[in-house]
Amino acid sequence: MNLPEIEKKWQKKWEDTRLYSFDRNSDKPKKYVLEMFSYPSGAKLHVGHWYNFGLADTYARYQRMKGYNVFHPMGFDAFGLPAENYAIKTGIHPYDSTVANIATMERQLKEMGASFDWDYEVKTCMPDYYKWTQWCFLQLYKNGLAYRASAPVNWCPKCNTVLANEQVVDGLCERCGTPVIRKHLTQWFFRITKYAEELIDGLEGLDWPEKTKLMQKNWIGKSTGSEITFRIEGGGEFSVFTTRADTLNGVTYVVISPEHPLIDSLTTPEQKEAVEAYKEYASKANEIERLSTSREKTGVFTGSYAINPINGRKVPIWAADYVLASYGTGVVMAVPAHDERDFEFAGKYGLPIERVVAGKNEGQNDDLPFTDYEGVLVNSGQFDGLTVTEGKKAITSFLEKTGQAQFKTTYRLRDWLISRQRYWGAPIPIIHCEDCGDVPVPEEDLPVALPYDVDFTPDGTSPLAKHEGFMNCKCPRCGRPARRDPDTMDTFVCSSWYFLRYPDNRDDKMAWDPKIINRMLPVDKYVGGAEHACMHLLYARFFVKAFRDMGYLSFDEPFLSLTHQGTILGPDGEKMSKSKGNVVSPDEYISKYGSDAFRMYLGFGFAYVEGGPWNDGGIRSVAKYLDRVERLVNKIWADDPSVGRTDEDRTVNLVLHRTIKAVDQDLNTFSFNTAIARLMELTNALYKYTDEEYNVSFARSCIRTLLKLLAPFAPHFSEELWEQIGEDYSIFNQDFPTYEEKYLVEDEITYPLQINGRVKDRFSISKDATKEEIEEYVMKNFSDVFSGFDIVKKVIVPGRIVNIVVKPKQ
RNA sequence: GCGGACGUGGCGGAAUGGCAGACGCGCUAGACUUAGGAUCUAGUGUUUUCACGUGCAGGUUCAAGUCCUGUCGUCCGCACCA
């Protein structure tokens with residue numbers, strides 16, 4: 001069969017007959033199957049797209065044949081830096097290049113033969129989409145979940161933009177690799193931390209990879225401890241967060257982050273020069289020594305002292321960059337005797353080390369630091385003798401009475417910084433008025449349109465800030481001249497709600513109709529890369545929870561079940577990259593073998609969640625297999641059904657029904673490689689069966705089943721053969737085959753006979769044989785094997801195995 | 001440094017604690033061919049046999065690739081998280 005040719009034929013027919021058109025009013029149960037939509041960066045689909053979309057489509061087709069009303073949309077995450085960088089380089093406007101790339105990708109996705117319903121497409125860069133992204137922003141703003149704050153941010157000098165912490169890789173800009181520096185700017189944030197607790201709790205009920213759940217949990221980083229207030233000698237106070245309140249008596253100094261707002265007031269005139277120099281050093285620390293695993297701790301004395309609330313002792317306040325301003329309170333109480341980092345720091349700067357926890361066991365009291373939790377408090381006055389756990393509680397409670405401490409939970413998670421000083425994104429719908437302050441754009445004025453004629457050369461200011469026509473507006477509140485916010489939103493904002501827009505993508509009255517999406521959501525199966533574990537997947541969950549609380553939807557989680565596809569590597573086992581020259585382009589394989597063979601090889605050659613190196617031989621083997629199926633079909637339809645046998649073959653039926661069962665299960669778990677292996681086994685069995693005189697009608701019914709099982713993996717090929725054997729269009733309107741239990745059982749079971757755990761022989765016996773009957777059979781028929789041995793134990797597991805434990809006769 | 005995952009033939013990869021290596025690639029031999037990078041048939045973990053084999057060393061079990069402990073290696077995530 002000339003696959004590339006017949007694929008065109010079926011793609012046209014599928015489109016003409018609107019086969020994949022989604023029916024919102026169907027009474028079948030819905031199944032929302034979604035792949036993470038793609039960024040239209042390069043013009044062409046790469047192997048990774050195929051691996052993700054092609055096999056998720058196999059899953060979607062399977063669910064359709066299982067009787068579900070499958071919703072399988074596709075769209076484009078079309079805003080973002082690459083288009084803008086490309087424009088800076090080539091002068092081609094981001095809008096033009098993006099629209100062109102989308103057109104190419106749409107065409108290629110159609111050539112894949114995937115079952116998307118394009119009527120539900122979304123493109124995030126179009127006004128009819130970003131209008132509602134802006135609407136989302138306004139709702140978050142109105143509900144106190146969007147706020148503006150000045151904060152130390154990561155600044156990429158090359159991209160001239162702010163990066164979220166999550167987007168900095170090894171101190172380098174994730175996009176361009178330039179070392180990131182620190183800079184203070186006023187930015188918009190989304191208050192994702194408000195949902196920290198629920199974002200952890202909600203993970204429990206999700207059918208997600210455990211690894212991904214754990215990563216999100218660690219990312220949110222819940223930590224329970226105490227907040228303790230220290231007075232500053234000479235006036236003022238500050239709080240520290242600690243998980244080890246039990247060691248409070250062992251505090252010999254405190255450490256403040258060099259970026260902390262209190263640092264200047266704490267610094268004495270004598271220390272000013274040293275502290276200023278250290279602040280300067282710390283702000284560059286990202287750049288230097290970033291990759292060193294054993295970076296030496298550094299710090300400087302501020303000149304001030306704090307009073308330890310538990311014992312009134314005066315301890316020095318140091319500044320050191322091993323304390324982060326953005327975590328906890330930005331100040332740490334240092335207990336060098338019981339903390340590795342404090343110990344190292346104290347050693348280096350000659351600060352005192354005082355032990356307050358003793359080990360329970362002999363020999364544990366020699367070395368410091370002692371960080372075990374198995375210990376009792378010493379040198380702690382009235383708290384001596386308490387365990388670590390008791391000590392934490394007792395000391396915090398004691399200070400709580402005087403308002404100097406409280407139990408506290410903190411999270412590692414930080415609020416989501418969404419401002420970008422870039423052009424190619426959704427404008428932030430806020431107007432800055434000299435008199436009224438920040439004023440939200442009235443909803444009826446949305447969208448705040450992104451102007452086309454903009455100078456987006458990077459020069460440190462937002463491109464929109466230089467566009468007077470855009471910037472100048474009237475304050476919606478007082479009507480006086482005002483200025484728009486010149487920034488655009490992080491593209492993760494666009495992708496945090498697109499799955500809500502798909503089912504109602506043409507709505508021009510609202511972002512989504514709750515009546516529709518409460519029925520269509522949550523997404524039943526979400527498929528995409530593991531690299532989104534902590535960002536996109538967390539942001540989308542936050543959006544759903546926030547909009548649920550505002551009353552715009554009534555479910556708690558966006559994605560019930562999640563699968564990550566693995567990565568297809570180059571033939572050399574390395575990640576594909578242009579610089580390594582190991583990029584495999586789908587196009588040449590598709591024009592040679594067809595998209596079905598290409599997709600099916602991706603399913604067969606890898607464990608889906610693992611991925612692995614590309615192998616040319618693999619795709620030939622799949623093409624060969626499809627040829628084999630075609631020859632088999634031709635042969636069976638060339639033979640005369642009126643001659644030959646008329647009975648059904650038990651062995652073939654056994655293989656057939658086992659195959660149905662296995663393929664069904666494997667498709668549910670994205671275990672495409674084993675499913676295809678089972679199909680090959682069935683094909684082999686049918687070859688064998690039809691080699692001699694056989695029942696043609698029976699063989700034909702087996703083939704009809706085989707084609708239906710094969711259809712999700714090789715849709716064009718199966719549709720073509722389905723037509724050739726005279727069946728009605730379309731195979732995808734057929735029900736997925738079901739197996740019958742009665743064909744799965746064999747009359748006899750072959751048991752392995754183990755002696756001392758090693759297989760020595762095997763025997764067959766009725767499937768109904770009891771444990772006693774099996775034992776009797778073995779003792780009778782294998783008596784010679786046991787002669788000369790005493791039988792110690794007989795392990796007989798019906799349906800599985802027989803193991804006889806023996807020892808030589810005394 | 002912390003957290004997580006993974007180590008199975010020449011290769012991709014299979015194995016609810018129960019016959020390791022399904023299925024396929026590659027390879028070997030044969031058949032059919034003017035031809036074969038087509039197709040079909042047989043074989044293919046190591047070892048002549050006993051036997052040995054899932055990174056290495058122990059352990060639990062009648063039975064371990066699978067569970068436990070330690071160790072080595074590879075990969076991923078996070079970077080001093082108090």
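Chain A is the first sequence line, chain B the second, and so forth, proteins listed ahead of strands; every chain is numbered from 1.
A donor-acceptor pair is defined here as one N or O able to donate and one able to accept, closer than 3.5 Å; such a pair exists between the side chain of A/His564 and the backbone of A/Gly528. Although no hydrogens or angles enter the test, the distance criterion places a donor-acceptor pair under 3.5 Å between the side chain of A/Arg599 and the main chain of A/Gly54.
In this structure, the nucleotide among B/rA82, B/rG12, B/rA22 sitting nearest to the side chain of A/Phe241 is B/rA82. Of the candidate nucleotides B/rG3, B/rC25, B/rG18, B/rG3 has the atom nearest to the side chain of A/Asn218. Of the candidates B/rG24, B/rA14, B/rA63, B/rA63 carries the atom nearest the A/Asn803 side chain, counting heavy atoms from C-beta on. Ranking B/rA82, B/rA14, B/rC80 by closeness to the A/Val323 side chain, first place goes to B/rA82. Checking B/rC25, B/rA14, B/rA22 against every side-chain atom of A/Asn615, the shortest atom distance belongs to B/rC25. Of the candidate nucleotides B/rC23, B/rA51, B/rA14, B/rC23 has the atom nearest to the side chain of A/Met680. Nearest to the side chain of A/Phe604, among B/rC23, B/rC52, B/rA14, sits B/rC23. Counting only heavy atoms from C-beta on, A/Val795 has its side chain closest to B/rC62 among B/rA82, B/rC80, B/rC62. The side chain of A/Ala677 lies closest to B/rA22, out of B/rA82, B/rA22, B/rC62. Which of B/rA14, B/rA82, B/rC78 sits closest to the side chain of A/Trp219 comes down to B/rC78.
Taking only side-chain nitrogens and oxygens, A/Lys624 comes nearer than 4.0 Å to OP1 or OP2 of B/rC25. Side-chain nitrogen and oxygen atoms of A/Lys794 include none within less than 4.0 Å of the OP1 or OP2 phosphate oxygen of B/rA63. Contact between the side-chain N/O atoms of A/Asn756 and the OP1/OP2 oxygens of B/rC62 is not found at any separation under 4.0 Å. Here A/Arg631 reaches the OP1 or OP2 of B/rC40: one of its side-chain N or O atoms lies under 4.0 Å away. OP1 or OP2 of B/rG24 has not a single side-chain nitrogen or oxygen of A/Arg620 nearer than 4.0 Å. Proximity of A/Arg412 to the phosphate of B/rA79: no side-chain N or O atom is located under 4.0 Å from OP1 or OP2. The shortest distance between the side-chain N/O atoms of A/Asn684 and the OP1/OP2 oxygens of B/rG24 is below 4.0 Å.
Nucleotides B/rG65 and B/rC56 place their P atoms 12 Å apart, quoted to the nearest Å. Of the P atoms belonging to B/rA15 and B/rG21, the separation is 13 Å, rounded to the nearest Å. Comparing the C1' positions of B/rG9 and B/rC2 gives a spacing of 37 Å, expressed to the nearest Å. Annotation: B/rU74 and B/rC25 have their C1' atoms spaced 24 Å apart (nearest Å). For the C1' atom pair drawn from B/rG70 and B/rC80, the interatomic distance equals 29 Å after rounding to whole Å. When the C1' atom is used for both B/rU66 and B/rU61, the distance is 13 Å, rounded to whole Å.
Computed from coordinates, the A/Lys392 NZ to B/rA82 P distance equals 10 Å when rounded to whole Å. Per the geometry, NE2 belonging to A/His564 stands 13 Å off P belonging to B/rG77, to the nearest Å. Between A/Ile801 atom CD1 and B/rG18 atom C1' the separation is 4 Å, expressed in whole Å. Summarising the geometry, the separation between CZ on A/Phe345 and C1' on B/rA82 is reported as 14 Å, rounded to the nearest angstrom.
In this structure, B/rG73 shows a glycosidic angle more than 90 degrees from zero, which is the anti conformation.
For the 3.5 Å distance criterion, the side chains of A/Tyr739 and A/Asp664 fail to qualify, holding no donor opposite an acceptor. For the 3.5 Å distance criterion, the side chains of A/Tyr601 and A/Asn615 fail to qualify, holding no donor opposite an acceptor. Between A/Thr750 and A/Ser764, the side chains place a donor N or O and an acceptor N or O closer than 3.5 Å (distance only, hydrogens not considered).
Nucleotide B/rC6 forms a Watson-Crick or G-U wobble pair with B/rG73, both donor-acceptor distances falling under 3.5 Å. Under the Watson-Crick or G-U wobble criterion, with both distances below 3.5 Å, B/rG58 is paired with B/rC68.
Using a 4.0 Å cut-off between charged nitrogen and carboxylate oxygen, A/Lys635 and A/Asp639 count as a salt-bridge pair. Between A/Glu197 and A/Lys222, at least one side-chain N (NZ, or NE/NH1/NH2) sits under 4.0 Å from a carboxylate O, which counts as a salt bridge.
Using a 4.0 Å heavy-atom cutoff across all strands shown, A/Gly611 reaches sugar-phosphate atoms only and no base atom. A/Glu610 comes within contact range of no nucleotide atom at all, as no heavy-atom separation falls under 4.0 Å.
Side-chain atoms of A/Arg244 stay outside donor-acceptor range of the base of B/rA82, with no qualifying N/O pair under 3.5 Å.
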